[in-house]
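Position 1 is the first residue of the sequence; numbering continues from there. No experiment lies behind these values; they were computed from the predicted model shown.
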Amino acid sequence: IVNAPDVQRLRVRGDFAIVQTAFGSGGGNCIMTLSFNLERGAVSDVRVRQAIAYAIDREQIQRDVYFGQGRVADAPISSGLTWAHAPGTLDGYARNSQRAIELLDAAGYRPRADGVRITIDLLHFPTFGRVGEVIRQSLSKVGIRVVQRPLDRAAFVEAVFGKRDFDTNLISYCNGADPDSGVRRMYTSDNIGNIPFSNAAAYRNAEVDRLFASAAQSDNYGDRARDYVAIQRIVARDLPYWWLVETVVTSAWSSRFEGFAPWSGQFAERASLRP
């Protein structure tokens, strides 16, 4: 696996094969996602969540953190799941700092003497620190102070899914090959609790539960797609999460070799030297 800053250096060398895929050993069709704790503080107010969505510079995250790789999310389900994806669902939240300020005012969060309206924490793995820094900078412009809390995996899981001790957090939610396994866990009420990387927001919506159940019971992709499109419209309104960037996995290997499978969990199982 190659970090984004190293890709150009390897391309210049010319003796490496470089492949970008939506899948890797850790999962596939992943979206870097900001989770809100719907049971705590300011972010329990949808107007605050909307303000945060309007304020965050997702293009900067995609450009500067991921070096142009991947794409800014335009729907809650990854575009890699083409039949279930609802393109443009998030277009109504184009970056707009003035709209964010208006929403914060309406929610009763006016700036204090120091310009700060709200202070929230942001939990994340240390490797997501640069994403967190862009979020911190973006939200500071509308009066939201972000305190980053980098945690290792065990501490993160306990704080988010055990103690629920957070305002917001960052999770790379991988949608996988089917929404029933990779997306449903984020939204249904039966996935709230001490279940790692499930419904971090503690989001509850009876219609969303019903639509996921309906999609799971059908083998008709057209019917299932209609259910998933309806779900995406509902969650885009309720904003239990804010979907940032669809990420990709970049793999590289010496051009002296062949047979690598970067899209699978058996990356090098059939690799060999070229004859």
Heavy-atom closest pair (L122 atom, G132 atom, distance to 0.1 Å) is CD2-CA, 3.7 Å

Report yes if the side chains of L34 and Y241 come closer than 4.5 Å at any heavy-atom pair, otherwise no. no

Counting only N and O atoms by type, is there a donor-acceptor contact under 3.5 Å from the side chain of D121 to the main-chain atoms of V147? no

Can you tell me if T188 uses its side chain to pair, donor with acceptor, with the backbone of R185 under 3.5 Å? no

Return the minimal non-hydrogen interatomic distance between F212 and P179, and the atom names on each side. CE2-O, 4.4 Å

Just checking, any donor-acceptor pair under 3.5 angstrom between side chains of N191 and R184? no

Taking all non-hydrogen atoms of both residues into account, name the closest pair between R204 and S189 and its distance. CG-CB, 4.1 Å

For the side chain of R99 and the backbone of A55, is there at least one donor-acceptor N/O pair under 3.5 Å apart? no

Check whether any side-chain heavy atom of I118 sits under 4.5 Å from a side-chain heavy atom of L104, and report yes or no. yes

Rounded to the nearest 0.5 Å, the CD atom of E39 sits from the OG atom of S44 at a distance of 10.0 Å

Should L103 and V48 count as side-chain neighbours, where that means a heavy-atom distance under 4.5 Å? no

So F128 and F125, would you call those rings parallel, tilted or perpendicular, with 30° and 60° as cut-offs? parallel

Is the shortest heavy-atom distance from the side chain of P240 to the side chain of L38 under 4.5 Å? yes

Kindly give the heavy-atom pair with the smallest separation between G80 and E246, and that separation in Å. N-OE1, 4.5 Å

Does a salt bridge link E59 with R95, judged by any charged N lying under 4.0 Å from a carboxylate O? no

T119 side chain near D167 side chain, heavy-atom distance below 4.5 Å: no

Compile the donor-acceptor pairs under 3.5 Å between side chains in residues 227-235 and protein atoms, sequence neighbours left out, one pair per line.
| residue | atom | partner | partner atom | Å |
| --- | --- | --- | --- | --- |
| D227 | OD2 | S214 | OG | 2.8 |
| D227 | OD2 | A215 | N | 3.3 |
| Y228 | OH | R224 | NH2 | 3.0 |
| Q232 | OE1 | I77 | N | 3.2 |
| Q232 | OE1 | A86 | N | 3.3 |
| Q232 | NE2 | A84 | O | 2.7 |
| Q232 | NE2 | Y228 | O | 3.0 |

So, do I31 and T247 sit near enough that their side-chain heavy atoms are less than 4.5 Å apart? no

Tell me, do C30 and M32 make a side-chain contact under 4.5 Å, heavy atoms counted? no

Could you tell me if the ring centre of Y173 sits under 6.0 Å from that of F197? no

Would you name the heavy atoms of N220 and G222 that are closest together and state the gap between them? OD1-N, 2.9 Å

Residues two or more places apart in sequence or in another chain: which of them pass salt bridge (charged side-chain N to carboxylate O under 4.0 Å, His left out) with D114? R112

Check D165 with R40, please: is the shortest side-chain N to carboxylate O separation under 4.0 Å? yes

Cationic N near anionic O, under 4.0 Å, R210 to E207: yes

Tell me whether R145 at atom CZ has more than 12 heavy atoms from other residues, nucleotides or ligands lying less than 6.0 Å away. no

Checking R58 side chain against V72 main chain: does a donor-acceptor pair fall under 3.5 Å? no

Student check: side-chain heavy atoms of D178 and V183 closer than 4.5 Å: no

Side chain of N29, backbone of S78: donor and acceptor closer than 3.5 Å? no

Is a side-chain N or O of Y109 found less than 3.5 angstrom from the main chain of V116, in a donor-acceptor match? no

Spacing of CZ belonging to R110 relative to CZ belonging to R117, to within rounding of 0.5 Å: 7.5 Å

Rounded to the nearest 0.5 angstrom, the OG-CD1 distance for S140 and I135 is 12.0 Å

Using modelled atom types and a 3.5 Å cut-off, is there a donor and acceptor pairing between side-chain atoms of Y203 and backbone atoms of D238? no

Judged by atom type as modelled, is there a donor-acceptor pair below 3.5 Å linking the side chain of R49 to the main-chain atoms of V43? yes

Return yes if some donor-acceptor pair links the side-chain N/O of N199 with the main-chain N/O of G193 below 3.5 Å, else return no. no

Under 6.0 Å between ring centres, would you say that holds for F36 and W242? no

In Å, rounded to the nearest 0.5 Å, how long is the span from OG of S97 to OH of Y54? 12.0 Å

For D57 and S138, test the side chains for any donor-to-acceptor distance below 3.5 angstrom and give the result as yes or no. no

